[in-house]
Amino acid sequence: MDAPVRPLPPVFYQRPVLEVAPALLGSLIVRRVDRHLLVGRIVEVEAYREDDPASHSYRRRTERNEVMFGPGGNLYVYFTYGMHFCANVVTGPEDRGEAALLRAVEPLWGIDAMADRRYGKRRLETRRELLDLTAGPARLCEAFGLGRKDNGRSLQGPDMFLAKGQLGATEKVVSATRIGVSEGKEKKWRWYVDGNPWVSR
DNA sequence: TGGACGATCCCCT
DNA sequence: GGGGATCGTCCAT
């Protein structure tokens, strides 16, 4: 029997990010937007913490990073490179600036609607298009329709939440260094499902 | 007030 | 493997 799909509770998020981030692997991301239901499975994440030079919350509390300092269980969405959005799950207690970046998702449901957002067409034509649909933090934001208006959004639903998921018996979690950071290179604060085709290549 | 740069992606070679 | 797109944020003047 399938378990009911319901939001992971706030207490799930209100733990240290180095615990929460790897625990997110296999979780479902559930999104209702423009009358479409979109579902994916998280397969790659990174942790960012207040004492970490690579984190937006390093040094000062500012207007941009304010959401990271809120209680765990909200979405932190930021704009970068002049054209992309990236989505994070805020973790830890209030006033602790930490979050887990969603880097890759395996699309499960609503793929035609995701394709429409990503490529302007509702039918995928190549395997490459399927793999590029949600592989990467900005790609998954575009596919799931996440943007500026979603910054600070609660993950208790109904239009956006994460739900308990499963890792397959043969699926192995691997930790590695983070992508695209110039400081804090040595920290192995990226986790992914080994061999999953949506993980960054 | 301005300049440098970024938790990226895409297309070209 | 490399570079361009493109603009909000931050910090140094």
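Hydrogens, waters and symmetry mates are skipped; everything else that's a heavy atom, side chains included, is used. Since we're looking at a predicted model, the values are computed, not measured. Order of the sequence lines fixes the chain letters, A, B, ..., with proteins taken first and strands second; residue numbering starts at 1 for each chain.
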> Any side-chain heavy atom of A:M160 sitting closer than 4.5 Å to one from A:I29?
Replying inline: yes
> Given pairs defined as Watson-Crick or G-U wobble with both distances under 3.5 Å, what dot-bracket annotation applies to DNA chain B, with ( ) intrastrand, [ ] crossing, | other strand and . unpaired?
Replying inline: ||||||.|||||.
> To the nearest Å, how far apart are A:N65 CG and C:dG8 P?
Replying inline: 18 Å
> Can a cation-pi geometry be assigned to A:R103 and A:Y192, taking NZ or CZ under 6.0 Å from the six-membered ring centre and within 45° of the ring axis?
Replying inline: no
>> Rounding to an integer number of Å, can you tell me how far A:N151 CG sits from C:dG8 C1'?
In response: 13 Å
>> Any heavy-atom pair between the side chains of A:Y13 and A:L8 that's under 4.5 Å?
In response: yes
> What distance, rounded to whole Å, do you find between the two P atoms, one in B:dG2 and one in C:dT6?
Replying inline: 22 Å
> Mind checking whether A:H56 and A:Y76 have parallel, tilted or perpendicular rings, split at 30° and 60°?
Replying inline: perpendicular
>> Under 3.5 Å, is there a donor on one side chain and an acceptor on the other for A:E98 and A:T91?
In response: yes
>> Take a 6.0 Å sphere around CZ of A:R122 and say whether it holds more than 12 heavy atoms from other residues, nucleotides or ligands.
In response: yes
> Do the side chain of A:E46 and the main chain of A:I179 share a donor and acceptor less than 3.5 angstrom apart?
Replying inline: yes
>> Measuring only between side-chain heavy atoms, which start at C-beta, is A:L18 closer than 4.5 Å to A:W191?
In response: yes
>> Distance check, P atoms only: C:dG1 and B:dA7, in whole angstrom units.
In response: 22 Å
> When you check every protein heavy atom under 4.0 Å of nucleotides 5-13 of chain B, what one-letter string (B, S, -) results, 5' to 3'?
Replying inline: -BBBSS---
> Roughly how many Å is it from CZ in A:R60 to P in C:dA12, rounded to a whole number?
Replying inline: 10 Å
